[in-house]
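Indexing begins at 1, ligand by ligand and atom by atom, following the structure's order.
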Amino acid sequence: MSIDSQITSAGDLPPVSELPVQKELPDPFVTLDGRKITTPEEWNEIRRPELLELFSHYMYGYSPEEVEVKFTEDAPPTEVLNGKAILKQIAISFPQLKSENAPQIHLALFLPNQPDHKSPVFLAVNKCGNHTVIPDEAILTFPTTNLHSYCDNPEKGDRGAQLDYWCLEYLIDRGYGFATCHVNNIDPDTNDFTDGVHPHFKDIKGPVESHWGTIAAWAWGLHRCVDYLLTDEQVNPECIAVTGHSRRGKTALWAAATDERIALCIPHQSGTGGMALSRNNDQETVKRINDVFPHWFNDTFTQFNDNEAQIPFDQHLLVALVAPRPLMETSGLKDVWANYDSSIKGIREADQVYKFLGAEGIKGDGIINGGPVTAENVGNLAQYRLDTKHVLELDYWKGILDFADLQFKTK
Ligand code: GCU
């Protein structure tokens with residue numbers, strides 16, 4: 001059966017009250033109006049665009065589409081980590097914004113010090129500032145409003161405070177670059193849209209209650225960083241990976257789902273609104289996340305509080321939007337809030353889309369319990385588990401880079 005390519009537009013989408021009640025996870029291969037997807041072409045031309053529209057409209061929010069970016073050096077490139085790495089600091093600005101307080105994204109890009117080489121790069125937003133990655137005075141700091149209270153604590157927010165979290169030297173030693181910017185450059189993490197990017201971009205699709213929340217804004221900021229990375233001749237344009245922890249893991253997943261220039265995704269302990277399903281989530285419910293963090297998703301999403309069965313998708317379909325690109329969720333067995341049990345259900349559901357699109361998808365049961373990630377135990381979709389709490393540390397990076405090595409080996 002052939003189906004006409006018909007991308008749903010925001011105006012065509014029903015109000016939440018008219019959406020069908022689906023207690024089971026929505027079928028990846030059935031469109032909102034009940035049509036069956038039977039070929040990869042139909043997936044790409046019909047279902048994928050429809051899902052992007054549904055997730056934007058009802059959950060994360062629509063972001064600005066056309067945006068001009070300008071790159072300038074915040075500082076000349078300099079050596080760090082005793083000459084093992086080069087640090088480039090780039091300001092990403094938006095020429096169409098004329099106001100004095102127009103936002104800028106300050107990207108710190110650390111690359112293996114190999115001038116004629118193109119390195120794979122991990123990209124992530126950070127919580128407290130670029131200077132927390134390593135204790136090096138060369139890393140610039142920028143004034144901000146609404147700094148997260150956690151970062152006010154000198155132990156958390158100081159130079160190099162996240163040394164054992166990002167493990168930069170380990171990444172560099174394994175041949176990877178790392179690019180990062182502070183979330184506050186894009187949008188401070190408060191229920192207040194008067195700062196950050198939101199007030200500056202007016203031309204946004206869809207009704208105002210469907211406009212971008214903070215997570216969509218952070219993901220959009222990652223896309224602007226990708227715009228830069230693709231211009232840097234020391235970056236391998238086919239090997240740009242995104243990651244992020246917890247709320248920033250939700251961000252990495254939404255960023256990868258919405259931008260096919262991102263080649264690999266590692267959502268780390270991302271939980272509700274990330275890899276964990278909204279349906280039957282016995283840890284963080286949709287209502288709880290909307291009540292405590294009303295700014296993360298769009299306003300329409302609050303209509304699914306205690307009403308998950310009317311969500312016309314679930315998070316397995318966000319993984320499906322990343323397909324056929326590699327994705328490995330990393331989770332901690334002692335992390336009692338991010339719901340790794342729920343995520344693996346979603347991963348197994350999404351696997352059918354990976355295989356349908358000709359990718360390897362999961363191997364075995366899809367779970368890797370610590371240790372090395374090898375061609376024997378992983379396909380290109382997996383969950384990697386370590387016996388930790390809600391943290392990011394070296395053992396995660398070992399698994400992550402093993403996975404990335406396997407996925408990038410031909411690029
Ligand atoms: C809260 C929130 C989670 C989130 C986490 C984090 O616990 O409920 O959804 O993932 O913060 O970002 O650390």
Task: ligand 1 versus Y150: contacting region, heavy-atom distance under 4.0 Å - done: neither
Open item on the list: Are any of the N/O atoms on K250, whether in the backbone or the side chain, positioned under 3.5 angstrom from an N/O atom of ligand 1?
Closed with: yes
Task: Distance-only side-chain donor-acceptor flag, R224 / Y228, under 3.5 Å - done: no
- [ ] Using distance alone, decide if ligand 1 has a nitrogen or oxygen within less than 3.5 Å of any nitrogen or oxygen in W337.
- [x] yes
Task: Nearest non-hydrogen protein atom, atom 3 (C) of ligand 1 - done: E284 OE1, 3.3 Å
Task: Parallel, tilted or perpendicular: ring planes of F29 versus W43, cut at 30 and 60 degrees - done: perpendicular
TODO: Would you mind listing which atoms of ligand 1 come within a distance below 4.0 Å of any non-hydrogen atom of I289?
DONE: 9 (O)
Open item on the list: As an exercise, identify every atom of ligand 1 less than 4.0 angstrom from a heavy atom of R288.
Closed with: 8 (O)
Task: 4.0 Å heavy-atom contact, H390 with ligand 1 - done: yes
Open item on the list: Just so I know, are the side chains of R159 and E137 near enough to count as touching, which here means a heavy-atom distance under 4.5 Å?
Closed with: yes
- [ ] Among T272, D299, T302, find the one that has a side-chain contact (heavy atoms from CB on, under 4.5 Å) with N290.
- [x] T302
TODO: Please examine the side chains of W212 and H198, heavy atoms only from C-beta on, and report whether any two atoms are closer than 4.5 Å.
DONE: yes
TODO: Report yes if the SG atoms of C128 and C151 are separated by under 2.5 Å, and no otherwise.
DONE: yes
- [ ] Give the residue, atom name and distance (to 0.1 Å) of the protein heavy atom nearest atom 11 (O) of ligand 1.
- [x] R247 NH2, 3.0 Å
Open item on the list: We want to know whether N146 and D195 form a side-chain donor-acceptor pair, criterion being a heavy-atom distance below 3.5 angstrom.
Closed with: yes
Task: Protein heavy atom at shortest distance from atom 6 (C) of ligand 1 - done: S246 OG, 2.6 Å
- [ ] Heavy-atom contacts with F293 under 4.0 Å: which atoms of ligand 1 show up? List them by number with element.
- [x] 1 (C), 2 (C), 8 (O)
